[in-house]
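Encoded as structure tokens, the structure appears first; notes follow it.
Side chains included, hydrogens not; waters and symmetry mates left out as well; all remaining heavy atoms used.
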Number of protein chains: 2
Amino acid sequence: MLLPLARRRSPSQTPVNHDAIRRRFESFLKTQGLKMTAQRERIFERAFETHDHFSAETLYDWMREEGGPNVSRATVYRTLNLLEDGGFIGSFDTGRGEVVYEHLLGHPHHDHLICVECGRIVEFREERIEALQEDVAERNGFELTSHTLRLMGVCGDCRAATAGGGASETKASARS
Amino acid sequence: MLLPLARRRSPSQTPVNHDAIRRRFESFLKTQGLKMTAQRERIFERAFETHDHFSAETLYDWMREEGGPNVSRATVYRTLNLLEDGGFIGSFDTGRGEVVYEHLLGHPHHDHLICVECGRIVEFREERIEALQEDVAERNGFELTSHTLRLMGVCGDCRAATAGGGASETKASARS
DNA sequence: CTTTCTGCAAACGCTTTGCACATTC
DNA sequence: GAATGTGCAAAGCGTTTGCAGAAAG
């Protein structure tokens with residue numbers, strides 16, 4: 001099981017200090033009395049390598065496609081929950097049913113625009129909305145712990161494809 | 001809980017013209033080549049009677065508890081989807097997993113504050129957030145079709161209960 | 001060596017579906 | 001009567017879990 005050595009760390013796209021994050025994961029495991037295993041390492045690394053959002057099933061596919069220590073579906077689910085509990089990744093569902101994850105460290109809070117045609121996810125951050133949310137919560141006596149803002153719509157590409165006469169290529173799952 | 005006969009139509013809380021909505025449902029069925037059945041009627045009525053949010057399973061329970069034509073679980077799910085497709089009800093998930101419905105007609109758009117302690121759902125509407133969402137979408141080339149904004153936090157009651165020394169009564173499911 | 005993991009496959013909870021019978025139009 | 005709807009139970013789907021063998025500390 002040769003793990004591809006220099007996969008992480010491509011100098012151009014290291015979002016935050018990769019080693020720092022990794023050390024954080026190791027100490028998290030330690031404090032929880034958990035062990036570092038080849039599987040956990042693979043899953044952790046893969047999750048932090050991607051800037052995309054991914055589902056448990058997708059990550060499982062990656063685990064099988066890409067070489068490395070065998071990782072079972074159960075372990076993928078278990079580790080994803082572990083990472084979420086540890087605050088390393090966050091999850092939200094895109095519309096109906098599908099839950100996707102994204103890594104959080106070195107990734108300031110943001111919300112999502114989701115294309116209902118092609119499923120593309122765009123992240124955005126709008127301070128004024130954030131502030132207004134606090135406002136609303138306060139006015140209603142709530143102390144905010146988190147929030148989810150999902151904007152669903154049709155992205156520029158899909159609008160062009162539809163309008164221009166071109167067929168829609170990407171898997172269109174317009175449901176609801 | 002003997003079902004109160006004149007439940008709907010209590011003059012004080014009829015949100016919109018009930019008959020108008022109902023006619024709309026009937027014509028919706030007609031245009032779709034669908035039939036009005038006792039089951040669909042019961043489900044439709046029940047959904048519009050409630051101001052609360054409910055899950056498919058909850059509605060199914062209601063169907064069994066309250067008297068009336070028998071309604072199977074399958075029909076509940078089928079009809080809920082039908083009503084959603086027709087734009088009569090909307091659905092969103094409260095946090096993780098649980099999908100709840102709410103009727104839409106005569107119920108202007110709003111978003112939700114959800115108490116992570118007791119599950120209480122408070123509706124709110126904040127025009128400025130709405131406007132900013134349009135803004136964000138436009139800036140990113142999206143044409144908005146819908147959105148979901150869920151604010152999670154601890155409601156005043158629960159904060160009081162926790163702080164004041166009282167134990168938390170309501171089922172606390174603080175997960176994530 | 002003790003404790004925690006992993007893989008497997010079975011269990012789960014919620015939702016959907018296939019089919020024969022019942023109902024509406 | 002022809003077409004659609006319903007109930008039932010079985011099938012699906014994504015996720016979790018129990019258990020025995022495998023690793024980590």
dT16(C) OP1/OP2 closer than 4.0 Å to side-chain N/O of Asn81(B) = yes
Which residue, Gly33(B) or Pro69(B), contacts DNA chain D at a nucleotide closer to its 5' end, judged by nearest heavy atom?
-> Gly33(B)
dC8(D) P sits how many Å from Asn70(B) CG, rounded?
-> 6 Å
Would you say dT23(C) has OP1 or OP2 under 4.0 Å from some side-chain N or O of Gln39(B)?
-> no
Between dC25(C) (P) and Gln32(B) (CD): distance, integer Å | 15 Å
For nucleotides 10-13 of chain C, list the nitrogen or oxygen atoms of the protein found under 3.5 Å from its nitrogen or oxygen atoms, one pair per line.
none

Can you label the angle between the His112(A) ring and the His110(A) ring as parallel, tilted or perpendicular, going by 30° and 60°?
-> perpendicular
Winner on side-chain proximity to Val99(B), out of dT15(D), dA9(C), dT15(C), is dT15(C)
Interface polar pairs with nucleotides 19-25 of chain D, N/O, under 3.5 angstrom:
{"from": "dA24(D)", "atom 1": "O3'", "to": "Met36(A)", "atom 2": "O", "distance (Å)": "3.4"}
{"from": "dA24(D)", "atom 1": "N3", "to": "Lys35(A)", "atom 2": "NZ", "distance (Å)": "3.0"}
{"from": "dG25(D)", "atom 1": "OP1", "to": "Met36(A)", "atom 2": "N", "distance (Å)": "3.3"}

So Phe25(A) and Phe44(A), would you call those rings parallel, tilted or perpendicular, with 30° and 60° as cut-offs?
-> parallel
dC5(C) phosphate, OP1 or OP2: any side-chain N/O from Arg40(A) under 4.0 angstrom?
-> yes
Distance below 4.0 Å between Tyr77(B) side-chain N/O and dT15(C) OP1 or OP2 | yes
In whole angstroms, the gap separating P of dG5(D) from NZ of Lys30(B) amounts to 14 Å
